[in-house]
Engineer: 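Let me begin by handing over the structure; questions about it come next.
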Amino acid sequence: MLSLLAAFVLLGTNVLMAQTDAASASPATDAAAADNGLPTAGYYILLFLIVCFIVAIVGKILKVYDLSQQVQGKKPMNWNNLMGALCLVFLVAAAYGAYWEFTVHGSMILPAAASEHGKKIDQMFWTTTTLTMIVFVITQILLFTFLFIYRYNAKRRGHFLPHNNTIEKVWTIIPAVVLTVLVIFGFFTWQQITNHIDAKGEPASINVDVTGHQFAWEIRYGGKDGRLGTTSYKLVNAGNKVGLDFKDKYSYDDLQADTIYLPVNKSVRFNIHSQDVIHSVYVPHFRVQLNAVPGLPTFFKFKPTVTTQEMRAKTDNPTFEYVLYCNKICGGAHYNMKKIVRVVPQAEYQAWLSQQKPYLTDQLKKDLKFAAESKGAEDKRLALNN
Amino acid sequence: MSTLAVHDHEVAHHGDDHGHHHKATFLNTYVFSQDHKMIAKQFLITGIIMAVIAMILSILFRIQLAYPDKAFPLMETLLGRFAPGGRLDSNFYLALVTIHGTIMVFFVLTAGLSGTFANLLIPLQLGVRDMASPFMNMLSYWLFLIASIVMLSSFMVQKGPASGGWTIYPPLSALPKAMPGSGMGMTLWLTSMVLFIASQLMGGINYVSTILNMRTKGMDLWKMPLTVWALFLTAVLGVLAFPVLVAGVVLLVFDRSFGTSFYLSDIVLNGSQVQPYEGGSPILFQHLFWFLGHPEVYIVIMPAMGISSEVMSVNSRKPIFGYHAMVYSLIGITVLSFIVWGHHMFVTGMNPFLGGVFMITTLIIAVPSAVKTFNWLATLWRGNIRFSAAMLFAIGMVSFFISGGLTGIFLGNATLDINLHDTYFVVAHFHLVMGSAAIFGMLAGVYHWFPKMYGRLMNEKLGYLHFWLTFIGAYLVFFPMHFMGLDGVPRRYYAFTEFESMKQWLSVNTFVTWAAIISALAQVAFLYNFFHSIFFGEKATQNPWEANTLEWTTPVERIHGNWPGEIPSVYRWPYDYSKPGAEEDFIPQTVPLSQTMSSNLPHDFEDNPAGLEAHAKWVNTQKSNEEVK
Ligand code: HEM
Ligand SMILES: [Cu+2]
Ligand SMILES: [Cu+2]
């Protein structure tokens with residue numbers, strides 16, 4: 001049996017080796033016919049059949065053993081004990097597995113939030129994690145130890161216990177109270193985070209327009225006046241990607257950007273739009289996510305607190321970048337729809353901003369006969385329009 | 001009273017014309033059968049086939065995730081234009097994810113689960129000869145089958161099946177130009193779903209009316225097994241929620257085919273093609289979808305809960321702990337599940353205030369879920385646990401439900417959901433709490449009631465192997481996904497190669513894929529066991545698990561009409577296991593209290609003052625007898 005298996009494994013490795021050889025020898029020429037992966041697949045299928053075969057044999061052996069025990073008048077195999085013991089083994093192994101997961105994969109998760117509201121989210125996250133993990137550990141331990149302790153024994157009977165109102169009340173009320181606490185904190189934090197209107201007296205947020213379409217993001221800044229001009233989807237074309245309405249004077253100085261630069265510790269508001277299907281603006285390091293919905297502008301206000309440079313030092317990764325990516329299924333290239341976000345000191349932000357190109361290019365101006373009209377006339381016309 | 005009248009009529013009707021009212025032919029026994037037991041088997045086997053297909057789809061896309069840069073020439077041989085050069089096309093990847101999800105949620109865990117066990121158990125456990133409307137019942141199966149075929153046929157169309165995710169959010173699903181799958185594939189998806197919903201409604205109405213009107217004598221609602229309670233509430237949920245999805249789907253069909261703009265507004269395709277739609281709202285679809293979608297997840301889990309409760313009680317040789325609490329929590333879940341749908345939409349741009357309200361309702365629904373879990377644990381406590389294969393799967397269901405339910409508390413908190421929505425954390429959550437838990441409940445049911453379907457037993461040892469491989473495998477697959485989600489890894493990505501930060505998860509993905517392949521192969525143990533045991537399994541006895549419920553009083557031969565003579569009457573609740581003073585450790589529901597004087601408790605006479613008095617008298621005489629001795 002075993003030698004058969006060994007021989008088979010050897011054979012399989014040969015097949016695989018031959019395959020890799022063939023693949024490396026003939027990169028693109030004649031691979032088609034010979035190397036269609038069938039031998040490999042066949043190998044794995046055979047391997048699986050052998051496993052099935054072994055399982056069947058073990059099963060038969062067990063059966064025969066059981067019968068012979070019975071014939072000799074000994075006790076047959078006690079499967080209840082075996083399963084009870086396996087439950088305990090599983091519990092121990094799973095406890096170790098979960099511990100390993102938490103330490104190894106748990107250390108690969110996002111670093112602490114790089115935004116003001118994100119810190120609150122993190123705090124709530126760790127509170128929730130602590131509470132749920134306590135429940136998780138206790139309930140799973142009870143489950144599997146009960147299975148072991150109370151495994152079948154012909155001499156015993158179960159304990160007839162149809163109900164116990166006291167304990168049932170206890171374990172209804174405790175979760176209810178804990179959840180109420182979580183809900184209350186969650187509710188108020190949620191209200192704060194989702195409020196995107198600047199309060200009176202608060203310095204105005206920097207408005208950044210983020211517009212999604214298959215499969216890219218368009219980024220627009222307000223320019224010198226800091227205000228974004230109006231847009232309309234009806235005006236969108238190859239030359240006017242976000243559909244800026246140049247009848248609105250706020251739109252003249254609107255800037256287009258390839259990267260999102262944000263000054264650190266300044267409040268920012270993303271005005272989120274979509275032109276075709278639903279996308280989602282997701283910047284996990286800032287704990288920012290909101291869908292981009294065609295026909296329904298959405299807003300997310302937040303304050304980044306850690307510059308890209310600082311984050312590079314913190315994560316020990318010299319190439320670290322904040323990334324904004326799409327997180328709502330939007331088509332074939334959904335998996336590659338991103339924008340880099342750089343958080344920089346105020347001065348650097350200003351310097352960068354002054355380099356950005358306006359949407360109103362010279363070409364556009366000519367097309368729209370801007371140059372011909374005087375500023376005054378333009379203003380009057382706008383006034384009339386209003 | 002009316003219940004009794006109907007029931008008496010049934011008896012009379014069946015009593016005299018039994019055996020001659022139709023000749024059994026192959027066609028009306030196995031194909032167009034109106035016997036609930038045969039329809040249950042049809043649902044089950046169709047469900048199993050669909051599950052295998054959906055599982056294979058998942059392995060295909062898992063291979064893509066594990067080896068995003070590798071070409072598998074065999075893939076091209078198998079899939080042709082969908083895997084050019086041996087690499088899955090990114091649109092086809094999404095199609096695989098979409099159809100996998102749709103089949104698993106609707107065709108396997110809704111129709112396969114409820115369809116099988118509601119049909120099998122409602123009449124058998126309530127003492128009914130057949131469903132209220134057997135013909136409609138048959139129709140329900142055939143519509144389901146047609147829906148399945150239509151869904152699968154979308155793999156044959158040129159541009160591939162629907163691929164906007166199982167939630168088919170418009171505009172992606174509404175605009176054929178938005179992705180290949182939104183053309184013919186989506187039309188077939190929508191057609192299939194309408195047929196499917198019709199099937200569900202016919203089934204559901206039948207289940208509800210059978211349960212409400214046709215129970216045998218003595219079977220009042222509080223004597224019903226938890227399986228029937230669960231199936232009943234599931235059917236109610238389905239009947240109330242599914243029509244809303246039809247509404248949503250019909251409006252989508254209008255938008256797709258008749259130029260309306262229910263869900264569409266302000267759309268420009270390819271950067272310049274301005275579309276004429278105005279005034280619609282994509283969010284509206286999400287409301288309609290999740291108004292069904294959330295109850296749907298409970299439609300999936302409640303039958304699994306019912307089955308597990310029953311199986312755990314039988315095999316712990318103990319009454320289910322807190323029967324009333326179990327029923328009330330099911331009712332609570334049913335009611336609450338209609339007002340939590342917005343938790344799927346926290347970050348969709350829905351009014352944040354609404355989000356806050358949905359957060360409150362969502363976290364309330366965790367309370368009945370917690371109660372159920374604790375009651376299951378209490379059921380095991382001081383039991384005398386027999387590890388049948390069914391029992392193991394029921395336990396697995398509880399373990400998964402705990403693990404997955406707890407992450408619901410994170411997601412239900414709108415604040416935390418900001419960073420978790422649409423990441424692998426959600427994938428981990430629902431695959432544990434819904435996918436794994438519900439499948440395990442279903443498998444528990446199959447192992448447990450196999451004798452009532454085929455008169456034979458499945459092989460227990462092979463069941464053990466199946467259980468451990470699948471149980472461990474499922475944890476290995478889904479546990480690491482939590483951490484990916486916490487690192488901000490999005491779901492429904494074709495490859496994680498385009499982002500520096502996601503590359504650290506490539507090795508985890510390979511691991512997960514292999515765990516998935518091994519768990520998938522472990523299902524061969526089940527398939528072999530199932531189909532082999534149908535023909536060659538060990539012959540079952542009448543009551544192989546020594547259970548109390550009525551189905552075990554029917555003959556092994558599984559005759560049409562279920563009971564050869566009169567339908568048995570019911571005298572007690574179904575959970576009298578290990579009752580002190582009783583001879584055996586189980587007392588079937590058909591045994592009158594008058595025959596079990598030594599084991600009766602005051603508790604048994606809660607709504608029966610006369611009985612209580614008699615009981616008290618009996619206890620007193622016992623006592624005085626003892627004193628005399
Ligand atoms: C303990 C109670 C539960 C709570 C509080 C809860 C909460 C949530 C929340 C808030 C989401 C949305 C996450 C997101 O998309 O960002 C979600 C997703 C989901 N839940 Fe639960 N859940 C619970 C139990 C369940 C149960 C019992 C099932 C099914 C049997 C289930 C199935 C699902 C599914 C299928 C999704 C994902 C839908 C999708 O986006 O594709 N959940 N859950
Ligand atoms: Cu996108
Ligand atoms: Cu939900």
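In the text below, chain A, chain B and the rest are named by the order of the sequence lines, each starting its count at 1.
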Engineer: Please identify each residue that fulfils salt bridge (Lys or Arg N to Asp or Glu O under 4.0 Å) with Lys328(A), with sequence neighbours left out.
Structural biologist: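 Checked Lys328(A) against salt bridge (Lys or Arg N to Asp or Glu O under 4.0 Å); matches are Asp422(B).
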Engineer: What residue, out of Asn91(B), Val274(B), Leu486(B), has the most heavy-atom pairs lying under 4.5 Å from chain A?
Structural biologist: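 It is Leu486(B).
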Engineer: Is there a side-chain contact between Met83(A) and Leu392(B) (heavy atoms, below 4.5 Å)?
Structural biologist: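 The answer is yes; the side chains approach within 4.5 Å.
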Engineer: Measuring heavy-atom distances to chain A, does Asn375(B) have an atom under 4.5 Å in its side chain, in its backbone, in both, or in neither?
Structural biologist: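 Both parts, backbone and side chain.
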Engineer: Which answer fits Met484(B), side chain, backbone, both or neither, if we ask what part of it has an atom under 4.5 Å from a heavy atom of chain A?
Structural biologist: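 It is neither, since no heavy atom gets under 4.5 Å.
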Engineer: Go through the atoms of Lys579(B) and report whether side chain, backbone, both or neither lie under 4.5 Å from a heavy atom of chain A.
Structural biologist: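 Its backbone and side chain both get close to chain A.
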Engineer: Side-chain contact, heavy-atom cut-off 4.5 Å: Ile402(B) with Gln140(A)?
Structural biologist: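 Counting from C-beta outward, Ile402(B) and Gln140(A) do come under 4.5 Å.
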Engineer: Calculate, to the nearest 0.5 Å, the distance between atoms OG and CG belonging to Ser578(B) and Leu161(A) respectively.
Structural biologist: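 Ser578(B) OG to Leu161(A) CG: 11.5 Å, rounded to 0.5 Å.
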Engineer: Ala370(B) versus chain A, heavy atoms under 4.5 Å apart: side chain, backbone, both or neither?
Structural biologist: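 When you check distances to chain A, only side chain atoms of Ala370(B) fall under 4.5 Å.
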Engineer: Is any side-chain heavy atom of Arg157(A) closer than 4.5 Å to one of Tyr577(B)?
Structural biologist: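 Result no, sub-4.5 Å side-chain heavy-atom pair not found.
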Engineer: For Phe160(A), does its backbone N or O pair with a side-chain atom of Arg382(B) as donor and acceptor, under 3.5 Å?
Structural biologist: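 Answer holds: no.
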Engineer: Given the side-chain rings of Tyr325(A) and Phe499(B), with only the six-membered ring counted for Trp, is the space between their centroids under 6.0 Å?
Structural biologist: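 Ring centroids of Tyr325(A) and Phe499(B) are less than 6.0 Å from each other.
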Engineer: Taking all atoms of both residues into account, what is the closest heavy-atom pair of Thr348(B) and Val293(A), and its distance?
Structural biologist: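 For Thr348(B) versus Val293(A), the nearest heavy atoms are O-CG2, 3.4 Å.
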Engineer: Using modelled atom types and a 3.5 Å cut-off, is there a donor and acceptor pairing between side-chain atoms of Ser272(B) and backbone atoms of Asn237(A)?
Structural biologist: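 Not confirmed, Ser272(B) side chain does not pair with Asn237(A) backbone.
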Engineer: Please state whether the rings of Phe90(A) and Phe471(B) are parallel, tilted or perpendicular, taking 30° and 60° as the class boundaries.
Structural biologist: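 Plane angle between 30° and 60°, so tilted.
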Engineer: Could you report the tightest heavy-atom contact between Lys318(B) and Gly158(A), atom names first, then the distance?
Structural biologist: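 Answer, listing the atom of Lys318(B) first, then Gly158(A): CG-CA, 4.2 Å.
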Engineer: Are the aromatic rings of Phe102(A) and Phe483(B) close, with centres under 6.0 Å apart?
Structural biologist: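 Centroid separation for Phe102(A) and Phe483(B): below 6.0 Å.
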Engineer: Give a yes or no answer on whether the side chain of Trp171(A) reaches the backbone of Phe374(B) with a donor-acceptor pair at less than 3.5 Å.
Structural biologist: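 Here the side-chain-to-backbone pair does not exist.
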Engineer: Would you say that Asp266(B) contacts Lys234(A) through its side chain, given a criterion of any heavy-atom pair below 4.5 Å between the two side chains?
Structural biologist: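 No - every pair of side-chain heavy atoms lies 4.5 Å or more apart.
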Engineer: Given 3.5 Å as the limit, does a donor-acceptor pair link the side chain of Gln289(A) with the main chain of Ile418(B), or not?
Structural biologist: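 Confirmed, Gln289(A) side chain pairs with Ile418(B) backbone.
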Engineer: Can you tell me if Glu500(B) and Thr319(A) form a side-chain donor-acceptor pair at under 3.5 Å?
Structural biologist: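 Glu500(B) vs Thr319(A): no donor-acceptor pair found between side chains.
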Engineer: Heavy-atom cut-off 4.5 Å, strictly under: side chain, backbone, both or neither for Asn459(B) against chain A?
Structural biologist: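 No part of it gets close to chain A.
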Engineer: Whether the side chain of Thr415(B) engages the backbone of Thr189(A) through a donor-acceptor N/O pair (distance < 3.5 Å, no angle test) should be reported.
Structural biologist: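 Checking the backbone N and O of Thr189(A) against the side chain of Thr415(B), no donor-acceptor pair under 3.5 Å is found.
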Engineer: Under 4.5 Å from any heavy atom of chain B, what part of Ile272(A) do you find: side chain, backbone, both or neither?
Structural biologist: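 Neither part, no heavy atoms under 4.5 Å.
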Engineer: Is the backbone N or O of Glu498(B) less than 3.5 Å from a side-chain atom of Lys338(A), with the two atoms forming a donor-acceptor pair by type?
Structural biologist: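 A pair under 3.5 Å: yes.
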Engineer: Answer whether the closest heavy-atom distance between the side chains of Trp190(A) and Phe346(B) falls below 4.5 Å.
Structural biologist: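 Contact flag for Trp190(A)/Phe346(B) side chains = yes.
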Engineer: Taking the side chain as every heavy atom from C-beta outward, state whether Pro480(B) and Glu101(A) have any atom pair closer than 4.5 Å.
Structural biologist: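 Yes, side chains in contact.
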Engineer: Taking Tyr323(B), Phe92(B), Tyr169(B) one by one, which has the highest count of heavy-atom pairs under 4.5 Å against chain A?
Structural biologist: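 Highest number of heavy-atom pairs under 4.5 Å: Tyr169(B).
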Engineer: Would you please indicate if the ring centroids of Phe321(B) and His163(A) are separated by under 6.0 Å?
Structural biologist: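 Centroid distance Phe321(B)-His163(A): not below 6.0 Å, so no.
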Engineer: Flag the pair Trp79(A) / Phe387(B) as yes when their ring centroid distance falls below 6.0 Å, and as no otherwise.
Structural biologist: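 Centroid distance Trp79(A)-Phe387(B): not below 6.0 Å, so no.
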Engineer: Please round to the nearest 0.5 Å and tell me the distance separating atom OG1 of Thr128(A) and atom CD1 of Ile409(B).
Structural biologist: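 Going from OG1 on Thr128(A) over to CD1 on Ile409(B), the span is 8.5 Å.
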Engineer: Using side-chain heavy atoms (C-beta onward) and a distance below 4.5 Å, is Ser265(B) in contact with Tyr233(A)?
Structural biologist: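 Side chain of Ser265(B) against side chain of Tyr233(A), heavy atoms only: no contact under 4.5 Å found.
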Engineer: To the nearest 0.5 Å, what is the distance between CG on Asn291(A) and NE2 on His421(B)?
Structural biologist: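 Reported to 0.5 Å precision, the distance equals 5.5 Å.
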Engineer: Below 30° counts as parallel, above 60° as perpendicular, anything between as tilted: where do the rings of Phe125(A) and Phe410(B) land?
Structural biologist: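 Judged by the thresholds at 30° and 60°, the geometry between Phe125(A) and Phe410(B) is tilted.
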Engineer: Give, for atom CG of Asn419(B) and atom NE2 of His285(A), the distance between the pair rounded to the nearest 0.5 Å.
Structural biologist: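 Here the interatomic distance stands at 9.5 Å.
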Engineer: Tyr493(B) versus His334(A): any side-chain heavy-atom pair under 4.5 Å?
Structural biologist: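 Yes, at least one pair of side-chain atoms sits under 4.5 Å.
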